[in-house]
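Below: the structure, in structure tokens.
Residue numbers begin at 1 in each chain, while the letters A, B, ... track the order of the sequences.
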2 protein chains.
Amino acid sequence: MARRKQAVTIKHVAAEAGVSLQTVSRVINNEASVRPEMKVRVQSAIDKLGYVPSIAAQRMSGSRSYIILALNDRDRTIADWRARQGTDWVDQMLLGGMLSCAENGYRLIIELVDTHNDHVERELAAAIAALQPDGVILTPPHSDNPLITGLLAKRQIPFARIGSRSTGDGIALTMDDEGAAQQATQHLLALGHRSIGFIAGPADYQLSGWRGHGRSRDEHGRPACHG
Amino acid sequence: MARRKQAVTIKHVAAEAGVSLQTVSRVINNEASVRPEMKVRVQSAIDKLGYVPSIAAQRMSGSRSYIILALNDRDRTIADWRARQGTDWVDQMLLGGMLSCAENGYRLIIELVDTHNDHVERELAAAIAALQPDGVILTPPHSDNPLITGLLAKRQIPFARIGSRSTGDGIALTMDDEGAAQQATQHLLALGHRSIGFIAGPADYQLSGWRGHGRSRDEHGRPACHG
DNA sequence: CTGTTAGCGCGTTCAT
DNA sequence: ATGAACGCGCTAACAG
């Protein structure tokens, strides 16, 4: 297999703009301390070369993975598929969340798992280890599976529970309309924008003040998390 | 954001098993040259520690990304979603491919793009640069978009065109049944298993001889699928 | 057959 | 406000 390396890397951009790698990195991450002129120069170099950061590399150096994991019931999913009547989860849940992700430079990856199975934890743990998502979305019947919510809470991974009214860790969304996943996603992303480390008790986040823009992060504004 | 590092890495496994990283890597990738006893020792260490390789890291070192990219028309997708009648693409196309991917340790990521838009190429290029997928699946109307197929062919990225009869680069699947995407996926994966470098002309691969890879868990039989 | 050496692309301390 | 150096987890050459 032809080594699939990154065609144009941050290094090329740096050379093109005549600056150091870090400066480019700073521009990419929208950091403050960069002279406007530099910023412009780097940005034009980026556009010119059509550079796009590799999420794999980004993740490798400890930053976000820009990936949201969605857990769906395997059996149910397969059954629906075979019956060709899946107007169910996909449309309501997936698309909404997917759109929100896309709007913010994130990607939604769907993982099918068996809730009733004993190795739910293993499956989840494996998915998390492999993907290292920045957030997780749970759909019924996973939303109320303590093994799942417990693991997530334990690992400090932000997650949303769709179609669940019970209290507990994570964000619970009850609305069954097609906007559920979308909101869930936005919550997750919003959290990411605030350098989270929450999930320790009943949270109370306000979606209202959220505003979209891809990969930019501001460090202030701790989530109004009071238990 | 709490540095989301890999909890248990290949290094831990190596220590636990008392071997070198490379040996562990070889076991993970199911390479032949490893003494059975070593294999067992390493494997048990893996199980004991619950180790799962990070696809980000795997990709970083030039191997596969274990990701298949599926391109779908954005407008159409959103429209269907709003109309709550999406029994369309998702069920037929996505689920099938998704299942095939899952069965082989791969992940399917859906990307929405505007075919009619002029920057289709930019969008595609960006997605490829960011995700670096091992293969791409095209759905109508992308399947016959020369800008897309051209770019893919040029970059030597294996891809399948669903719902297209025209000849050209990539694999063309005409069947409209729910197995299309599944087959497309399998083709792609099969190619990967063979260290491809094809896509230069009409390819002719036989799906029949295909069989699961190391990290694939034998699931139940896949729905009928004739070449 | 197994261990050692080198990076992959990017973010992150320090230095400057 | 910038740059240099190091490390992340993993695999691909090369030894031995």
[N] OP1/OP2 closer than 4.0 Å to side-chain N/O of [X]:
X     : N      : result
A/S20 : D/dG3  : yes
B/S25 : D/dT11 : yes
B/R59 : C/dC8  : no
A/Q22 : D/dG3  : no
A/Q58 : C/dC10 : no
A/T23 : D/dA1  : no
B/Y66 : D/dT11 : no
B/S63 : D/dT11 : no

Q) Reckon B/V24 touches a base, only the sugar-phosphate, or nothing at all at heavy-atom distances under 4.0 Å? A) nothing

Q: Describe the nucleic acid contact of A/R26 in one word from base, sugar-phosphate, nothing, applying a heavy-atom distance below 4.0 Å.
A: base

Which whole-number value in Å describes the distance from [X] [atom1] to [N] [atom2]?
X      : N      : atom1 : atom2 : result
B/I28  : D/dG9  : CD1   : P     : 13 Å
B/N30  : D/dT11 : CG    : C1'   : 15 Å
B/Q6   : D/dG7  : CD    : P     : 19 Å
A/Q132 : C/dC10 : CD    : C1'   : 15 Å
A/Y51  : C/dG9  : OH    : P     : 10 Å
A/I10  : C/dG9  : CD1   : P     : 11 Å
A/K11  : D/dA5  : NZ    : C1'   : 13 Å
A/R64  : C/dC10 : CZ    : C1'   : 15 Å

Q) What's the closest nucleotide to the A/T9 side chain, out of C/dG7, C/dT12, C/dG9? A) C/dG9

(Q) Measuring from the side chain of A/M38 (C-beta onward, heavy atoms only), which nucleotide among C/dG7, D/dT2, C/dC1 has the closest atom? (A) D/dT2

Quick check against the 3.5 Å criterion: does [X] have a side-chain atom that pairs as donor or acceptor with the backbone of [Y]?
X      : Y     : answer
A/T77  : A/D73 : yes
A/N30  : A/R26 : no
A/R59  : B/A56 : no
A/D134 : A/S65 : yes

Q) Using 4.0 Å as the upper bound for N to carboxylate O, is an ion pair formed by B/E111 and A/R107? A) yes

Q. Between the side chains of B/S33 and B/E31, is a donor N or O closer than 3.5 angstrom to an acceptor N or O?
A. no

Q. In terms of the nearest nucleotide of DNA chain C, which residue is placed more toward the 5' end: B/E37 or B/M60?
A. B/E37

